[in-house]
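Lettering of chains follows the sequences in order, A, B, ..., and the numbering in each one begins at 1. Only this structure's heavy atoms are used, side chains among them; waters, hydrogens and symmetry mates stay out.
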Number of protein chains: 2
Amino acid sequence: MDNTLAMVEGEGRQRILAAAEKLFSAKAFDAVSMNAIACEAGISKANIYHYFPNKDTLYLAVLRVASHNLRAVLNEAVSAHGSVLDVLRHFARNHLQALLNRPQLVRLVWREILERGAPRAQEFAEQGFADMFSALVDVLKLGQSRGEFRQDFDPALVATLLLGANVFFFQSRDILRHYPPITFADDPAGYDAGIVEILLRGLVPASS
Amino acid sequence: MDNTLAMVEGEGRQRILAAAEKLFSAKAFDAVSMNAIACEAGISKANIYHYFPNKDTLYLAVLRVASHNLRAVLNEAVSAHGSVLDVLRHFARNHLQALLNRPQLVRLVWREILERGAPRAQEFAEQGFADMFSALVDVLKLGQSRGEFRQDFDPALVATLLLGANVFFFQSRDILRHYPPITFADDPAGYDAGIVEILLRGLVPASS
DNA sequence: GTCTATATGATGATAGAC
DNA sequence: GTCTATCATCATATAGAC
């Protein structure tokens, strides 16, 4: 069977999705016009409506693909083996690096999280959260069961702290860069190394 | 002199600013129409243009006021006295509570930080960052100079970690709530208490 | 499947009466 | 200072030719 036709059929849809993803990543929903998407995709505006019934459906399709891709990228980045400490350091560094490598995808998904007004698809974002949290919580629990970590802290809280540190770094990087006391704005690996080190050892000197 | 006229003169402007702040806090720039602002303010659309030359200028005015108010709220919340540990705990808890108490202001300012496409006024947001960072860094440095904290960590990095933990909590609260292992989504004070405790003592048991 | 042409409405912004 | 009426522009969305 010749699948050339099917590929050509899908091509138009793919071009539209790619163009829409690029524009929706850069600007908010209402700031992106169907005209701009058509222009970016190199087709006519009316043609978009042949593939997607309306703007909302197109946006949802973009978000679904982006969320899926981002999950894959992040899950791939944080999968690791070795000692608990190595896995933790690896997780932090690679998670942040994955965020920085795919800024458009991250922005697209995070905008959906933050703009609570029009709950278009929080489910996609929540899936990514669940992936990262469960992976990180498992590592921390393993460390606790092995006696390498204290027993008296909540793994979910530490997971939140670490993921939050990376997301915050990703979001605020441009501002952090312009603030003198901060020297790690252009050194994400060093940032996460410092974060993990502090988490492990704490701020207070070991007593007696 | 009768200042009644002046008050009435300013009233129209205030109504517009209040309405615009409410709407711009809930939705993005392009998603808010001048018609909606006029309707919310209870005046005609054309009247807005009597006070503000265009939509951008109005938005900028809203952002300036909001940023100023948010700075005041946050600075008020984190000002404290006492031991270094008390100040640190107080800072974390009250900073997060201040964010949660003024969600509209926070959203308005943070949207400006995240939407890098149209750099309308990053300066406002950066001022707030500088306030919080310098205050927190000062506390940490004081702890170091007093010998209550280790000397070998970067105060700016810990400040980023703590502020990031609060901002991340604020942003992701709705998602955190729906994730089973997390029990602190509705307990910001407990969250920050846990955060600070982990930062102070570390994850690894005190060796020997 | 892709296009041109167009219907319909909302947008930001202006002019001028009161 | 506030309004009604209106501007040109651009949006989403549809119809129909090829």
Closest-nucleotide ordering on DNA chain D, the 5'-leading residue of A:A36 and A:P53: A:A36
Residue A:N54, side-chain atoms from C-beta onward, closest of D:dT4, C:dA13, D:dA13: D:dA13
So what does A:K55 hit on the nucleic acid, given a heavy-atom distance under 4.0 Å: a base, only sugar-phosphate, or nothing? sugar-phosphate
Whole angstrom value for the distance that separates P of D:dA11 from CD1 of A:I48: 12 Å
Using atom CG of A:L58 as one end and atom P of D:dT12 as the other, report the distance to the nearest whole Å. 10 Å
Nearest-Å distance for atom pair CD1/P, residues B:I16 and D:dG1: 11 Å
Once you measure the plane-to-plane angle for B:F24 and B:F29, does it fall in the parallel (<30°), tilted (30-60°) or perpendicular (>60°) bin? parallel
Could you state the atom-to-atom distance from CG of B:D30 to P of D:dT9 in whole Å? 20 Å
Looking only at side-chain atoms of A:H50, point me to the closest of C:dG1, C:dA5, D:dA5. C:dG1
Hey, is B:D30 close enough to A:K27 for a salt bridge, meaning N to O under 4.0 Å? no
Examine distances only and state if a side-chain atom of A:R107 and a backbone atom of B:L114 form a donor-acceptor pair shorter than 3.5 Å. yes
Are B:R177 and B:D174 ion-paired here, with the side-chain N under 4.0 Å from a carboxylate O? yes
d(CZ, B:F52; P, D:dG1) in whole Å: 13 Å
Please figure out whether B:K45 or A:K45 has its closest DNA chain C nucleotide nearer the 5' end. A:K45
Could you tell me whether the phosphate oxygens of D:dA15, OP1 or OP2, come under 4.0 Å of any side-chain nitrogen or oxygen in A:Y49? no
Distance in angstrom units between A:I43 CD1 and C:dT2 P, rounded: 7 Å
May I ask you to say what B:S33 touches in the nucleic acid, namely base, sugar-phosphate or nothing, with a heavy-atom cut-off under 4.0 Å? sugar-phosphate
Among the nucleotides C:dT4, D:dA5, D:dA13, whichever has the atom closest to the side chain of B:A46 is D:dA5
Tell me whether the side-chain N/O atoms of A:N47 come closer than 4.0 Å to OP1 or OP2 in C:dG1. no
Exercise: identify the closest heavy-atom pair between A:A185 and A:R173: O-NE, 3.1 Å
Is A:N35 close enough to D:dT12 that one of its side-chain N or O atoms is under 4.0 Å from OP1 or OP2 there? no
Figure out the CD1/C1' separation between B:I37 and C:dT11, and round it to whole Å. 12 Å
What's the closest nucleotide to the A:M34 side chain, out of C:dA5, D:dG1, D:dT12? D:dT12
